[in-house]
Number of protein chains: 2
Amino acid sequence: MDHGASRTSGTTAGTGGLATAPAGLRERKKERTREALIDAALELFWRKGYDATTIDEIVAAVDVSRRTFFRYFAGKEEVALARSNEVERSLVGALAERPSAEPPVVALRQATRAIMAALEGDPKRGSSEAYVRTRRLIEANPTLMAATLRHAMETERLMAAEIARRQGVDPHTDLRPALTVSCFNAVVRVAMDEWTERGAMHTSELAAAIDEAWRAMAGLIESGWLGSGWASDED
Amino acid sequence: MDHGASRTSGTTAGTGGLATAPAGLRERKKERTREALIDAALELFWRKGYDATTIDEIVAAVDVSRRTFFRYFAGKEEVALARSNEVERSLVGALAERPSAEPPVVALRQATRAIMAALEGDPKRGSSEAYVRTRRLIEANPTLMAATLRHAMETERLMAAEIARRQGVDPHTDLRPALTVSCFNAVVRVAMDEWTERGAMHTSELAAAIDEAWRAMAGLIESGWLGSGWASDED
DNA sequence: TAGGCTAATGGCACTGAGTGACAGATGGCA
DNA sequence: TGCCATCTGTCACTCAGTGCCATTAGCCTA
């Protein structure tokens with residue numbers, strides 16, 4: 001299953017940002033400035049904390065003006081989450097590449113596995129270690145956590161649209177695509193919390209935590225926690 | 001089922017803030033200032049928008065100093081979400097009052113119904129209309145939406161702890177409480193999105209939307225979207 | 001009822017985020 | 001080479017948020 005995974009990363013994720021000749025010099029320069037700003041920002045955040053780092057310090061490290069920073073990012077939040085948001089958004093692409101014969105939840109799980117495998121193998125930023133450190137940063141900052149959740153919500157919409165497309169249903173009248181994605185992410189989030197509590201050491205442990213959460217999910221259905229006839233009114 | 005609901009609101013929610021003799025004059029004065037600030041803020045937000053409203057305008061309307069405002073609230077976000085956060089937190093109390101014979105999901109649904117019924121009947125703030133208007137405000141502002149999601153996440157922890165208690169399991173080793181609550185809220189959130197898209201007219205429609213989401217949830221399980229053997233590895 | 005204690009308030013000054021406007025620099029292209 | 005479009009820097013401004021200290025006002029005891 002790993003083979004398909006690394007192939008996936010190349011076409012959909014672009015987590016490496018391998019500078020595959022992005023047209024003219026101007027574009028390349030912009031890309032470099034953007035990457036430099038993210039690198040400098042993350043380095044400072046990790047070293048002296050998110051709140052303690054000012055934008056002036058970030059731009060000083062890259063030697064661009066404060067004004068320029070705001071032309072690339074809306075604020076500190078955005079530069080801090082740029083990488084992890086990229087990873088998250090790549091899930092939509094990975095989902096689209098799953099064979100349409102797979103049931104929605106299976107496709108979601110496989111897409112997640114593919115992205116995490118790609119993360120693992122990528123030697124550049126977006127790699128496993130960078131992801132773990134960024135995760136800790138988010139976990140420690142209410143503002144970043146809030147922004148992360150909001151971005152996840154937006155990504156959910158895209159994923160729900162994709163599920164609706166591959167299942168051939170109308171997402172405006174059928175709630176199932178939205179429910180599937182929303183609950184799927186709920187499970188992943190629980191697994192992530194568990195992973196964080198255990199120290200968030202490596203992404204391989206995150207994969208294990210997600211699997212464990214899904215097993216517990218099965219147990220939940222069988223253990224009667226849902227109640228009988230829970231879909232209709234039971235009062 | 002409504003009878004239990006209104007009783008619930010009195011003991012756990014306190015959504016009315018009926019000024020039940022909060023001790024000394026000093027305390028009462030503080031409470032009044034706090035309420036006045038929230039009222040003034042919401043009024044301004046509704047009239048001229050969240051971003052366009054400055055804290056100076058809020059404090060001018062209540063005639064307190066800017067410095068005092070920040071002794072009550074951490075910022076604009078907090079004053080905007082004070083009421084809806086109160087409603088959300090009351091869910092934890094309502095959940096604790098459900099009979100422990102009820103399966104977790106049933107208890108969660110009934111607690112939600114109780115809170116919504118209490119919202120309906122309450123003639124003061126926290127009433128149905130105020131809730132709807134606040135919801136629209138949140139929906140229109142990315143910052144508020146982010147803060148709301150974060151608060152929901154924290155409330156989830158409390159609810160999971162309560163579920164774990166009533167089921168007699170250890171929340172640190174058993175993921176089921178966290179999964180139950182997380183997925184439950186995921187369903188409610190989907191229903192809320194649907195409700196908002198349809199105009200978010202009245203809380204009674206929200207209750208209907210939640211019921212509809214649960215019906216779709218049942219259809220989801222039966223329609224094979226989960227796949228077979230989805231709890232274990234299927235690759 | 002006086003007077004001291006404690007806590008809330010107000011005013012001031014300062015840092016930092018974020019934005020609009022305009023001038024200068026630089027890559028793209030004929 | 002020189003024009004055009006776009007990116008960048010500088011300046012000035014508003015507003016959020018915080019620390020510090022003096023003042024006011026509720027509370028409690030003698």
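First the proteins, then the strands, lettered A, B, ... as listed; each starts at 1.
Scanning atom types as modelled, one donor and one acceptor separated by under 3.5 angstrom connect the side chain of B:Arg71 and the base of C:dG10. With hydrogens and angles ignored, no donor-acceptor pair closer than 3.5 Å exists between the side chain of A:Arg66 and the base of D:dG9.
As rounded to whole Å, 17 Å separates atom P of D:dA25 from atom NZ of B:Lys30. Nucleotide C:dA7 holds its P atom 11 Å from the CD atom of B:Glu27, rounded to whole Å. We find that CZ of A:Arg26 is positioned 11 Å from P of D:dA5, with the value rounded to whole Å. Between the CD atom of B:Glu57 and the C1' atom of D:dT14 there is a distance of 12 Å, rounded to whole Å. As a whole-Å value, the separation of A:Glu31 CD from C:dG27 C1' is 17 Å. For the pair A:Asp56 CG and C:dT15 P, the computed distance is 12 Å after rounding to whole Å. Rounding to whole angstrom units, CZ of residue A:Phe73 and P of C:dA17 are separated by 15 Å. Protein atom CD1 of B:Ile58 is 10 Å distant from nucleotide atom P of D:dG17, rounded to whole Å.
Proximity of B:Thr68 to the phosphate of C:dT9: no side-chain N or O atom is located under 4.0 Å from OP1 or OP2.
Comparing B:Lys29 and B:Arg67 by the nucleotide of DNA chain D that holds the closest heavy atom to each, the one mapping nearer the 5' end is B:Arg67.
Here the nucleotide nearest the side chain of B:Tyr72, chosen from C:dG27, C:dT9, C:dT6, is C:dT9. Comparing D:dT18, C:dG10, D:dC7 against the side chain of B:Val64 picks out C:dG10 as the nearest. Taking every side-chain heavy atom of B:Thr54 into account, D:dA16 is the closest of D:dA16, D:dT10, D:dC7.
Note on A:Glu194 versus A:Arg198: salt bridge recorded, some NZ/NE/NH1/NH2 to OD/OE distance being below 4.0 Å.
Between the side chain of B:Lys76 and the backbone N or O of B:Ala41 there is no donor-acceptor pair closer than 3.5 Å.
Side-chain atoms of B:His202 and B:Glu120 form a donor-acceptor pair, as typed in the model, at a separation below 3.5 Å.
No more than 12 heavy-atom neighbours from other residues, nucleotides or ligands sit within 6.0 angstrom of CZ on B:Arg89.
Evaluated for a salt bridge (charged side-chain N to carboxylate O under 4.0 Å, His left out) with A:Glu35, the options A:Arg83, A:Arg28, A:Lys29, A:Lys30 yield exactly one hit, A:Arg83.
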